[in-house]
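Inspection log for the structure reproduced underneath, given as structure tokens.
Ligands are counted one by one from 1 in listed order, and the atoms in each one are counted from 1 as well. Because only heavy atoms are used, hydrogens play no part in the values below, and waters and symmetry mates are left out as well, while side chains stay in.
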Amino acid sequence: MPTNKPKGTEDLIGNDALTWAYMRDVAEQVFTPYGYAPIEVPMFEQADVFVHGIGTSTDVVRKEMFTVLSPDGYAKVSQGRAAELKADQRLALRPEGTAGTVRAAIEHNLVPQGAAPAKLWYAGSMFRAERPQKGRLREFHQIGVECLGASDPAADAEVIIMFMRFVEALGIDAASVRLLLNSMGDDACRPAYRDAVSAYINAHADELCEECRRRADTNPLRAFDCKNEHCHEVMEGAPKISDALCPECREHYQAVKAYLDAQGIAYIEDPRLVRGLDYYTRTVFEVQVIDGLGSQNAIGGGGRYDKLFETAGGKPTCGLGFAAGFERLVLAMQACGAPLPQAICPDVYVALADPSCASQAFALVQQLRDCGFIVEADRQGRSLKSQFKQADKFQAPVVAVIGPDELAAGGVKLRDMGTHDERVVALDQAAAELAGLLGLEESDECGCGCGHEHGHGACDCGHEHDGQPCECGCDR
Ligand code: HAM
């Protein structure tokens with residue numbers, strides 16, 4: 001009996017897999033000029049990395065972590081001896097990338113004293129046992145960045161700008177998203193604020209859901225995120241963090257906003273933006289799609305976590321970053337008609353007219369691929385007619401037919417599938433002739449518009465050399 005994929009997971013096949021690869025490429029192009037280098041951390045860690053990093057009272061840790069057991073760990077659990085599991089036997093699939101990246105940064109001392117910040121980006125699967133729905137999966141993909149060791153508010157602004165550039169580079173229309181911004185304060189001002197919110201919840205207990213009432217003691221700020229419409233209205237009246245920030249946090253927040261303003265980055269200040277992970281201090285932000293994604297409208301979010309290193313057993317080191325969800329970004333791209341990668345068509349289909357010429361056809365396929373062409377050929381013993389049908393299906397613009405007649409006439413027959421023109425060309429000329437048919441011939445005219453004939457392809461030096469010798473080094 002065939003088995004289906006687990007609930008809340010997706011197979012990335014064909015264009016979906018191409019889109020994931022494309023998104024990673026775009027991320028790399030956007031993040032590299034900001035000095036970010038890739039990092040890969042394990043898909044599972046000791047559960048404590050997430051429990052301590054993300055916070056015991058968060059939904060992610062309380063309800064959504066997938067536990068991983070080694071065989072010896074499993075044996076203990078199945079014998080009712082779970083309490084005997086050692087820390088390295090209590091493993092969990094990563095629900096996000098920040099806690100693991102910080103664990104790696106501590107373990108490998110990536111931010112030694114006095115060094116420049118470590119700027120890292122990652123792309124990969126994350127796992128949360130949530131109720132699946134549109135834009136919410138149990139295995140989803142994130143692209144994220146972490147900037148470790150920078151306290152300056154310019155770093156916050158830079159990370160936010162980089163996120164917006166990434167969204168823009170994916171073709172998501174700026175008008176279709178909004179950037180929400182808040183400061184969550186720090187150890188100096190947040191405890192008093194938490195107490196004030198807790199007192200507010202207790203004072204309005206009869207108007208709030210059971211979960212929010214429970215949050216009064218465990219994590220009162222999470223009540224701002226309650227999906228219950230009525231709780232949302234009641235929490236509108238709760239004290240605002242913006243009124244409770246200490247002077248240092250206020251100054252930091254003002255500076256972040258000033259940097260964003262100077263760069264013309266539009267944002268909405270949302271004093272109730274608290275995010276679902278406990279490690280944040282000061283700046284938090286989220287990018288939401290304005291229409292079409294329903295309640296799962298956050299395409300990404302992040303913020304500063306200046307205490308996470310210490311929580312994870314490291315030296316005091318500030319950090320900040322963001323992560324964006326691949327699946328939601330794709331929905332946003334589709335909603336605004338952004339181009340998505342399509343399957344690549346071959347340049348040429350090499351058709352074998354007679355099995356006696358199989359070795360010459362095989363050699364031609366390799367020769368054309370070595371010249372950089374995308375080549376398809378039959379590997380199922382099809383008739384010539386059915387090879388042409390398959391070439392059509394592949395949308396190959398040219399079919400190269402090789403058989404006894406073509407070899408006797410001197411080479412291979414190239415058929416332009418658009419015009420139906422055919423000509424036999426020598427085997428060693430096949431690549432050049434194919435380039436001509438595909439319109440890839442080198443132009444003699446200088447691409448810069450100076451009118452010079454360069455004879456070896458368009459000049460792409462970008463210089464203005466109106467009537468002057470070309471400075472591109474091509475000896476013109
Ligand atoms: P997060 O807000 O939990 O932040 O997740 C970031 C993004 O991942 C979300 O905005 C959403 O697009 C996507 N996402 C989250 N859960 C799901 C899901 N179940 N299905 C589909 N997409 C989902 C973090 O993970 C932080 N680590 C971000 C960060 C990095 N903060 C600082 N550095």
Side-chain angles (χ1 to χ4, degrees), residues 6-10 12 20 23 27 31 36 39 41 45 49-50 53-55 58-61 63-66 93-103 105 117-148 150 155-156 159-160 162-163 166-167 170 172 177-180 182 184 222 225 273-289 293-309 318-333:
K7 191 165 109 179
T9 65
E10 291 290 355
L12 294 185
W20 172 229
M23 207 175 273
F31 302 159
Y36 282 74
I39 183 168
V41 294
E45 299 267 357
V49 168
F50 308 118
I54 297 169
T58 58
D59 286 353
V60 171
V61 166
K63 307 182 199 165
E64 297 168 4
M65 276 212 309
F66 281 101
L93 290 180
R94 62 183 184 189
E96 55 100 60
T98 309
T101 304
V102 166
R103 192 270 311 140
K119 295 193 273 186
L120 306 162
W121 77 275
Y122 51 85
S125 288
M126 307 292 160
F127 307 86
R128 296 185 193 177
E130 294 192 84
R131 197 166 44 78
Q133 62 179 83
K134 184 179 169 193
R136 191 166 75 190
L137 289 113
R138 292 183 155 199
E139 181 190 14
F140 58 100
H141 299 78
Q142 276 188 348
I143 292 183
V145 309
E146 311 297 347
C147 173
L148 311 176
D156 304 50
V159 160
I160 294 172
M162 196 166 69
F163 188 2
F166 176 50
V167 169
L170 290 173
I172 298 172
V177 296
R178 61 179 160 236
L179 165 64
L180 303 183
N182 191 20
M184 295 192 58
R222 302 287 322 133
D225 250 4
L273 178 70
V274 290
R275 312 263 307 127
L277 313 158
D278 271 1
Y279 47 61
Y280 291 115
T281 50
R282 296 193 167 170
T283 313
V284 285
F285 57 93
E286 198 159 279
V287 178
Q288 298 178 346
V289 170
L293 263 67
S295 60
Q296 309 306 314
N297 64 349
I299 55 175
R304 180 169 276 288
Y305 43 84
D306 290 345
K307 292 287 163 200
L308 180 55
F309 271 74
C318 352
L320 73 157
F322 70 77
F326 161 69
E327 290 77 7
R328 295 189 197 171
L329 285 168
V330 173
L331 291 172
M333 289 167 78

Proximity of R136 to ligand 1 by residue part, where a heavy atom lies under 4.0 Å: both
One finds that the ligand 1 atoms under 4.0 Å from a non-hydrogen atom of E146 are 30 (C), 32 (C), 33 (N)
For ligand 1, which atoms sit closer than 4.0 Å to a heavy atom of R275? 1 (P), 2 (O), 4 (O), 28 (C)
Within this structure, what is the CZ-CD1 distance for the pair F31 and I143, rounded to the nearest 0.5 Å? 6.5 Å
Non-hydrogen atoms of P117 and A150 that approach each other most closely: CG-CB, 3.9 Å
Run down the list Q142, R131, Q133, H141 and name the one with the heavy atom closest to atom 25 (O) of ligand 1. Q142
Which of the ligand 1 atoms, numbered from 1, are nearer than 4.0 Å to a heavy atom of A298: 9 (C), 10 (O), 11 (C), 12 (O)
Would you check whether A324 has a nitrogen or oxygen atom less than 3.5 angstrom from a nitrogen or oxygen atom of ligand 1? no
L180 side chain reached by Q288 side chain, heavy atoms, under 4.5 Å: yes
Answer yes or no: does an N/O atom from G325 fall short of 3.5 Å to an N/O atom of ligand 1? yes
For H141 and F326, take the angle between the two ring planes, folded into 0 to 90°, and tell me which bin it lands in: parallel under 30, tilted 30 to 60, perpendicular over 60. perpendicular
Ligand-side contact atoms (ligand 1) for residue partner E96, heavy atom cut-off under 4.0 Å: 25 (O), 26 (C), 27 (N)
Return yes or no for this condition: an N or O of E130 is under 3.5 Å from an N or O of ligand 1. yes
Would you check the N or O atoms of A323, main chain and side chain alike, for any that come under 3.5 Å of an N or O of ligand 1? no
Which part of V60 is near ligand 1, with near meaning a heavy atom under 4.0 Å away: side chain, backbone, both or neither? neither
Where ligand 1 meets G300 - atom numbers and elements under 4.0 angstrom, heavy-atom basis: 10 (O), 12 (O)
Test of understanding: with side chain to side chain donor-acceptor pair (under 3.5 Å), list the residues that count as partners of Q133, not counting sequence neighbours. R136
Atom CG of L331 and atom CG of N297: how far apart are they, to the nearest 0.5 Å? 11.5 Å
Could you tell me whether E286 and R275 make a salt bridge, using a distance below 4.0 angstrom between a side-chain N and a carboxylate O? yes
For the pair R222 (side chain) and T58 (backbone), establish whether a donor and an acceptor sit closer than 3.5 Å, ignoring hydrogens and angles. no
Starting from atom 24 (C) of ligand 1, find the nearest protein heavy-atom neighbour and note its residue, name and distance. L277 CD1, 3.6 Å
For the residue pair M184 and V274, what are the closest heavy atoms and their distance? SD-O, 3.2 Å
At a non-hydrogen distance cut-off of under 4.0 Å, which region of Q296 contacts ligand 1 (side chain, backbone, both, or neither)? neither
For T98, the ligand 1 atoms with a heavy-atom partner under 4.0 Å come out as 26 (C), 27 (N), 29 (C), 30 (C), 31 (N), 32 (C), 33 (N)
Strictly distance-based, threshold 3.5 Å: is any side-chain N or O of R128 a donor or acceptor partner for the main-chain N or O of R138? no
Taking a cutoff of less than 4.0 Å between a non-hydrogen atom of the residue and any ligand atom, is G144 in contact with ligand 1? no
Please could you name the atoms of ligand 1 that L137 approaches to less than 4.0 Å, counting only its heavy atoms? 18 (C), 19 (N), 20 (N), 21 (C)
Please find the pair of heavy atoms, one from T283 and one from F285, that lie closest to each other, and give the distance. CG2-CD2, 4.4 Å
Would G135 count as a contact residue for ligand 1, given that I'm defining contact as a non-hydrogen atom of the residue lying under 4.0 Å from a ligand atom? yes
Which protein non-hydrogen atom lies closest to atom 32 (C) of ligand 1, naming both residue and atom, and how far is it? G321 O, 3.2 Å
Winner among F285, F140, Y122 once heavy atoms are compared against atom 22 (N) of ligand 1: F140
Would you call V49 and R94 a side-chain contact if the rule is heavy atoms closer than 4.5 Å? no
Atom indices of ligand 1, in the order listed, that fall short of 4.0 Å to a heavy atom of Y279: 26 (C), 27 (N), 31 (N)
The reported gap from NZ in K7 to CZ in R131 (rounded to nearest 0.5 angstrom) is 9.5 Å
Going by heavy-atom distance to atom 29 (C) of ligand 1, choose the closest among F326, Y305, Y280. Y280
